There are 2 protein chains.
Amino acid sequence: MVARDRRRVTITDVARHAQVSTTAVSKVVRNAYGVSEAMRVKVQAAIDELGYRPHHAARAMRGRTFTIGVLLPHIRNPFFADILDGLTEEISASGYQAIMVQSGGQDPAAERRAGDALVDRQVDGILWVAPCCAKAQLEQLARDTPTVVLGRHDRSAVYDCVLDDDEVGAELVVEHLIALGHRRIGHITQKDDLPGRAAALLQTIRARTYERVMTEHGLAAHIAVAATSYSEEGGYEGARQLLARDPRPTAIFAGADGAAFGALAAVHEAGLTVPGDVSVAGYDNARMSGLAHIALTSVDQDGAVMGKTAGRLLLERIDGRTSAVRFSVTPTLVTRRSTAPPSRS
Amino acid sequence: MVARDRRRVTITDVARHAQVSTTAVSKVVRNAYGVSEAMRVKVQAAIDELGYRPHHAARAMRGRTFTIGVLLPHIRNPFFADILDGLTEEISASGYQAIMVQSGGQDPAAERRAGDALVDRQVDGILWVAPCCAKAQLEQLARDTPTVVLGRHDRSAVYDCVLDDDEVGAELVVEHLIALGHRRIGHITQKDDLPGRAAALLQTIRARTYERVMTEHGLAAHIAVAATSYSEEGGYEGARQLLARDPRPTAIFAGADGAAFGALAAVHEAGLTVPGDVSVAGYDNARMSGLAHIALTSVDQDGAVMGKTAGRLLLERIDGRTSAVRFSVTPTLVTRRSTAPPSRS
DNA sequence: GACGGTATGGGCAACGTTATTCATCTCATC
DNA sequence: GATGAGATGAATAACGTTGCCCATACCGTC
């Protein structure tokens, strides 16, 4: 329609075209107070005719960017996809756009750079998934930018928390294995070199709960933890460590599905069968886990609900709420063929 | 250190502190021409002391944002993680930051919104992974913003292309299955409702190549294509359709690993075994495919190299290159236990 | 010592938007 | 008809940065 000249259409063009002031156009665009219906219609027509879109950077210099920043350790973890779907669903109606940045997992320096990148881009709010930095850093961020932290157990007065009850989840798995008759149950956890903040990390909760439940059942002597990482490689390596013990465990509880997949590979490679020789259970109930060929017993936490909630909390905070909210989902156990009673060996 | 007052540190603060002009500071920050070593040191000291970080939005209003936008259909596909890793590695040294936006797969309207979101945020370049929109739309975008398209086979004079040679890849799979002795080989593809642009889509190339190779081997009568989607659900449904045929195929070539996983589940559910009753092969060689429990024969395309190359091409384009480049990786076949000669039934 | 070239630093005007302040107009009330 | 309140629209001044242009300092050469 319009002659597509090189220069972009600005609010001034719209104002001139509609024969009103730029202020009036701005008000219409922002749905601000003090515009008559006639004005609104006239301006809107000019906007449509010229194909005007507000200049994002110019807006950012004055205030809102209508952008939510999402900080993910990495996008390989399929559980994050659920979270993002939930978030997107919640915020899209309100005109916000989510942008993602990878923080790179366990390197605090890289994580900080990624966080700064979002702050620099003046996002209106940040959803920080499974941060590994110190709580103080989170709080400093949260003082300037509305923040929701997903998957950590610290309590804060300045940011909101969304998490699953990892204590319940881990307990479900260990109780399930014990009920099946297992006594030598190993655990694969993620080891972070982050002095002082371990207690808040979900991997710590899962590992401690494993130890607690084992102890409560008089199985303290059988506690065996391989501290590697919540990845396929970590699970593979962890399982090898556990299987090398004598006597070897009859069940392995991996703290995450990815690690469980690696454990499955290690068990298989050792010439053992699942669940005949070794039962394996995971955590997160990734879609892959449900596949017939894997059939991994796992803990389901509703990622979509967590993402949706995180989005809602962020919008509320952007809207002015200052009190802190803590939202916890209760996980459930999904039993599949990878766990069974131990053989009588 | 510095009194952390509410206002952010601006270039003016730095200039005042170093007792130079804002212009000088700007030049130092940008590594621009015309700064003496002494000036550089003095200004840098002031920058460090005050903890100055350039205001992104203000920069954006003048020009560069040092941001690369990445448009992904969705982050669930693990292959995209490889691409992103490669991209990040390439661009991080040059001070660029990648931000990701989900385009939402097969909905052109959502995809357009996602693209606009990046354009609005004035990214310096866009890596568009597997777009489903019309070529004209890509070209219009590319005329304003340096663009690299990954995973489509159109040729364009205004954007660069990074792709794997899907014809070679698909041929490898089908030839492999035929060499094993299979004749009734089914294919699962993705059906898009995008009139006129199908020929450029990778799923079309893979499907057409399947048909071509089958025909070349005199197996045209055994061609059987299930047009669902490149997802787990799609693979499951597609495999069910194929297995319902009489006689049923002895091998299934799924156009993507995700679909292959779904196919494995469907085969299993039908009471059949892999590869005893049905061989299954995929495409992408996702990490999961290598797991001992899955052991899926698949086509490996080096995602990290593709991402790295895309990053390099983008930087070159941002730097002023206007000629179009086309980079194609040659895929290889990784054979695993999911494919074997057909039984004599 | 006058001159020209080069290297370096500074002043200023945008970029497009919006919050604030101000001017006008309408209408009801006394 | 004077007054005041409320509604509406416009003018203006930032926000922080950088591109352009000019001023100055320094150097070597004739």
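Below, chain A is the first sequence line, B the second, and so on; all start at residue 1. This structure is a prediction, so every number in the text was calculated from the model and none was measured. Values below: all heavy atoms of this structure, side chains included; hydrogens, waters and symmetry mates excluded.
- Residues passing the ring pair (Phe, Tyr, Trp, His ring centres under 6.0 Å) test with A:Tyr96, sequence neighbours excluded: A:Phe66.
- When the P atom of D:dT18 is taken as reference, atom CG of B:Asp124 falls 13 Å away, rounded to whole Å.
- Taking atom OH of B:Tyr33 as the reference point, atom P of D:dG19 lies 16 Å away to the nearest angstrom.
- In this structure, A:Leu72 and A:Ser103 have side chains that are not in contact, with every pair of non-hydrogen atoms separated by 4.5 Å or more.
- Of the listed nucleotides (C:dT17, D:dA10, D:dG16), D:dG16 has the atom at the smallest distance from the side chain of B:His55.
- The interatomic distance linking B:Arg30 (CZ) with D:dG16 (C1') rounds to 13 Å, in whole Å.
- Rounding to the nearest 0.5 Å places CZ of B:Arg152 at 5.0 Å from CG of B:Leu138.
- Rounded to whole Å, atom C1' of D:dT18 lies 15 Å from atom CG of B:Asn31.
- For the pair B:Thr12 and A:Ala24, both in contact range of DNA chain D, the more 5′-proximal nearest nucleotide belongs to A:Ala24.
- Residue B:Ser26 has a polar side-chain atom (N or O) positioned under 4.0 Å from OP1 or OP2 of D:dT18.
- When distances are taken from the side chain of B:Lys27 to each of D:dT18, C:dG16, C:dG10, the shortest belongs to C:dG10.
- In this structure, A:Arg321 places its CZ atom where more than 12 heavy-atom neighbours from other residues, nucleotides or ligands lie under 6.0 Å away.
- With the nearest nucleotide of DNA chain C identified for both B:Ala58 and B:Ala38, B:Ala38 has the one nearer the 5' end.
- More than 12 heavy atoms of other residues, nucleotides or ligands shown are found within 6.0 angstrom of CZ on B:Arg326.
- Between the P atom of C:dT18 and the CD atom of A:Gln122 lies a distance of 13 Å, rounded to the nearest Å.
- The side chain of B:Ser36 places an N or O atom within less than 4.0 Å of a non-bridging phosphate oxygen (OP1 or OP2) of C:dG9.
- Regarding A:Met61, its CE atom lies at a distance of 8 Å from the P atom of D:dC15, rounded to whole Å.
- Atom CZ in A:Phe66 sits about 13 Å away from atom P in C:dT17, given to the nearest Å.
- The rotation axes computed at either terminus of the helix from C:dG1-D:dC30 to C:dC30-D:dG1 lie 50° apart, taking five pairs at each end and rounding to 10 degrees.
- Closest to the side chain of B:Met39, out of D:dT17, C:dT17, C:dG9, is C:dG9.
- Interatomic distance, B:Leu141 CG to B:Leu71 CG, rounded to the nearest 0.5 Å: 9.0 Å.
- Here D:dT17 is the nucleotide among D:dT17, D:dG9, C:dT18 with the atom lying nearest to any side-chain atom of B:Ile11.
- Of the N and O atoms on the side chains of B:Arg59 and B:Thr65, not one donor lies less than 3.5 Å from an acceptor on the other residue.
- No contact: A:Val29 has no heavy atom under 4.0 Å from any strand.
- The side chain of B:Arg59 has D:dT18 as its nearest neighbour among D:dT18, C:dT8, C:dT17.
- In this entry the distance linking OH of B:Tyr52 with C1' of D:dT18 reads 10 Å, nearest Å.
- Side chain A:Thr23 to base D:dA11: a donor-acceptor pair is found below 3.5 Å.
- For B:Ser26 and B:Arg30, the side-chain atoms include at least one donor-acceptor pair closer than 3.5 Å.
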